[in-house]
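Keep in mind that the numbers below use all heavy atoms, side chains included, and drop hydrogens, waters and symmetry copies. Throughout, numbering of the chain's residues begins at 1 and tracks the sequence.
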Amino acid sequence: MDQRRLGPLTVSALGLGCMGMSEFYGQGDDEESVRVIRRALDLGCNFLDTADMYGPFTNEALVGRAIKDRREEVVLATKFGNERRQDGTWIGVNGSPEYVRAACDASLGRLGVDHIDLYYQHRVDTSVPIEDTVGAMAELVEAGKIRHLGLSEAGPQTIRRAAAVHPIAALQTEYSLWSRDPEDDILPTVRELGIGFVAYSPLGRGFLTGRYRSASDLPEGDSRAQRFPRFNEENMAHNLALVERVEELAGRKGCTAGQVALAWVLAQGEDIVPIPGTKRLKYLEENLAAADVELSEEDVRWLSDNVGAPQGDRYADMGTVNR
């Protein structure tokens with residue numbers, strides 16, 4: 001697989017988001033998930049994304065088990081800041097220096113590694129100066145516990161203030177054909193500062209694949225219809241028209257709608273790395289094959305012009321994003 005740069009960090013052009021293996025998107029299968037992670041490495045996808053709050057805590061342990069004998073092949077990213085209890089209840093966003101240090105040590109233990117390649121602040125804690133949070137992260141670099149710093153869902157001013165304290169390798173924010181708001185001021189900011197961009201949910205949490213035509217199609221125990229307004233019945237009916245435009249081009253290209261959606265994100269710049277998530281081998285292989293889908297400039301422009309804005313916010317609570 002081709003490689004891309006996130007600031008000073010080199011990763012595969014497509015990464016693997018591991019969240020859904022442990023929570024939010026229906027029942028998981030740990031053994032299948034381990035096979036998915038290891039198959040991703042076999043196919044040259046070396047950029048794995050997890051977080052302490054996924055599970056909570058169990059996703060990091062799962063990833064650690066999968067890479068135990070293959071650590072040198074992996075660019076490992078995890079996150080802190082969305083604080084949860086063991087029973088899954090939410091405490092809040094925490095960016096205090098003490099929490100940064102404790103969360104990193106806990107993640108290292110669960111992952112079974114001696115360092116994290118890319119350590120993100122998952123959400124910005126507006127009660128703590130970003131300089132204090134990033135300062136604590138920089139201390140972890142000095143201690144050899146992490147290699148590079150990242151932010152997630154940070155706004156332009158926060159990004160600038162953070163980068164003034166320590167180099168930021170990557171910003172992770174939702175970006176896809178139906179989540180294009182980073183184009184307004186986030187992407188220009190990170191490009192000015194030489195920061196890479198990691199696009200999470202590049203398939204619109206699976207909606208852009210065309211697999212979900214109504215909320216009843218979601219797996220048992222799936223929380224998308226509750227957590228993400230674009231998946232409620234009223235909005236889904238409207239948003240299916242967007243998917244149909246993606247499917248139209250996919251039919252002309254001889255590939256799947258999901259592959260077209262990923263190819264569009266890849267075409268937005270060599271500094272953008274999508275991290276589609278899956279817990280199934282067949283979908284992993286389908287997603288990674290998107291790297292070979294060739295979209296012409298006309299194809300990219302047609303998608304940009306014809307896949308309009310979706311109905312519904314990205315999250316039921318938008319209060320913690322783009323801060």
Side-chain angles (χ1 to χ4, degrees), residues 11-12 15-43 45-95 98-123 137 140 143-150 152 170 172 198 200-201 205 219 221-223 227 275-281 283-284 287:
V11 302
S12 52
L16 175 62
C18 299
M19 179 190 77
M21 297 175 178
S22 300
E23 196 175 14
F24 302 123
Y25 293 173
Q27 185 63 40
D29 179 335
D30 284 358
E31 295 309 313
E32 173 78 354
S33 293
V34 167
R35 287 191 289 270
V36 167
I37 292 169
R38 295 178 71 85
R39 180 60 174 156
L41 298 178
D42 293 341
L43 294 173
C45 171
N46 68 356
F47 186 36
L48 304 182
D49 182 271
T50 181
D52 57 2
M53 61 85 68
Y54 301 157
F57 313 123
T58 57
N59 194 247
E60 286 184 325
L62 172 67
V63 171
R65 180 156 65 92
I67 68 171
K68 185 174 182 180
D69 59 343
R70 303 181 68 169
R71 176 65 181 96
E72 71 284 353
E73 300 176 51
V74 178
V75 179
L76 182 59
T78 191
K79 316 177 198 72
F80 73 92
N82 277 326
E83 191 175 6
R84 298 175 73 184
R85 298 184 180 88
Q86 190 70 45
D87 64 4
T89 55
W90 297 80
I91 299 173
V93 176
N94 193 339
E98 297 78 14
Y99 182 72
V100 173
R101 292 187 283 267
C104 180
D105 287 342
S107 288
L108 288 169
R110 285 187 293 267
L111 289 161
V113 299
D114 62 5
H115 73 276
I116 296 161
D117 297 302
L118 179 58
Y119 198 44
Y120 294 98
Q121 183 183 21
H122 206 162
R123 292 292 185 271
M137 296 169 74
L140 295 174
K145 294 182 178 182
I146 63 178
R147 296 286 188 263
H148 302 280
L149 274 56
S152 180
Q172 181 176 144
V198 175
Y200 78 81
S201 297
R205 303 188 186 278
D222 194 296
S223 66
R227 299 183 69 235
I275 52 168
T278 185
K279 52 190 174 185
R280 299 286 181 259
L281 279 170
Y283 295 136
L284 169 77
N287 291 344

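- Pairing each heavy atom of C45 with each of S12, the nearest pair is CA-OG, 3.6 Å.
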### Task
Would you please test D105 and K145 for side chain to side chain contact (heavy atoms under 4.5 Å, CB included) and show each step?
CA-CA 8 Å; D105 287 342; K145 294 182 178 182; 2.7 Å; yes

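- Formation of a donor-acceptor pair under 3.5 Å by the R84 side chain with backbone atoms of M53 is found in this model.
- Taking the side chain as every heavy atom from C-beta outward, L41 and V74 approach each other to under 4.5 Å.
- In summary, D30 and R35 do not engage in a salt bridge, as defined by a charged side-chain N under 4.0 Å from a carboxylate O.
- In this structure, the side chains of Q121 and S152 stay at 4.5 Å or more apart for every pair of heavy atoms.
- For A170 against Y120, the heavy-atom pair with the smallest separation is O-CE2, 4.1 Å.
- Proximity of F47 to D117: side-chain heavy atoms (C-beta onward) are nowhere separated by under 4.5 Å.
- Residues D69 and R38 have side chains in contact (heavy-atom distance under 4.5 Å, counting atoms from C-beta outward).
- Of all heavy-atom pairs spanning R123 and V93, the tightest one is O-CG1, 3.5 Å.
- Listed by chain and residue number, nothing satisfies the ring pair (Phe, Tyr, Trp, His ring centres under 6.0 Å) test with H148 (two or more places apart in sequence, or in another chain).
- For D29, there are no side chain to side chain donor-acceptor pair (under 3.5 Å) partners, not counting sequence neighbours.
- In terms of heavy-atom proximity, E23 sits nearest to Y54 at OE1-C, 3.8 Å.
- Taking 4.5 Å as the limit, some side-chain heavy atom of R71 sits within range of a side-chain heavy atom of V113.
- In this structure, CG in L111 is found 6.0 Å from CD1 in I116, a value given to the nearest 0.5 Å.
- E32 has no carboxylate O lying under 4.0 Å from a charged side-chain N of R39, or vice versa, which leaves the two without a salt bridge.
- Separation of atoms OG1 (T78) and CZ (R110) is listed at 7.5 Å; rounding is to 0.5 Å.
- Listed by chain and number, the residues in a side-chain contact (heavy atoms from CB on, under 4.5 Å) with S22 are T58, N59, L62 (sequence neighbours excluded).
- For the pair Y119 and L149, the minimum side-chain heavy-atom distance is 4.5 Å or more.
- Residues P276 and G15 share a closest heavy-atom pair of CD-O, 3.5 Å.
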### Task
Take D52 and S107 through the side-chain hydrogen bond (donor to acceptor under 3.5 Å, both in side chains) test and state the conclusion after the steps.
CA-CA 6 Å; D52 57 2; S107 288; 4.6 Å; no

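- Environment of CD in E72: crowded, with over 12 heavy atoms of neighbouring residues, nucleotides or ligands closer than 6.0 Å.
- A side-chain N or O of Q172 and one of D49 form a donor-acceptor pair less than 3.5 Å apart.
- Legend: residues meeting side chain to side chain donor-acceptor pair (under 3.5 Å) with Y25, ordered by chain and number and at least two apart, are R205.
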### Task
Carefully, step by step, assess V36 and L16 under the rule side chain to side chain contact (heavy atoms under 4.5 Å, CB included).
CA-CA 9 Å; V36 167; L16 175 62; 4.2 Å; yes

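- In this structure, M21 and V63 have side chains that are not in contact, with every pair of non-hydrogen atoms separated by 4.5 Å or more.
- K279 pairs by the side chain to side chain donor-acceptor pair (under 3.5 Å) definition with nothing, not counting sequence neighbours.
- Rounding to the nearest 0.5 Å gives a distance of 11.0 Å between NE2 of H115 and CD1 of I146.
- The closest side-chain donor-acceptor pair between E60 and T50, if any, does not fall under 3.5 angstrom.
- Interatomic distance, CD1 of I275 versus SG of C18, reported as 8.5 Å (0.5 Å rounding).
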### Query
Does the pair I91 and R85 meet the rule for a side chain to side chain contact (heavy atoms under 4.5 Å, CB included), with working shown?
CA-CA 7 Å; I91 299 173; R85 298 184 180 88; 3.7 Å; yes

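- Every residue was checked against the side chain to side chain donor-acceptor pair (under 3.5 Å) condition with D114, not counting sequence neighbours, and none meets it.
- Counting heavy atoms from C-beta outward, R70 and D42 have side chains that approach closer than 4.5 Å.
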### Query
So V75 and L118, side chain to side chain contact (heavy atoms under 4.5 Å, CB included) or not? Walk me through it.
CA-CA 8 Å; V75 179; L118 179 58; 5.5 Å; no

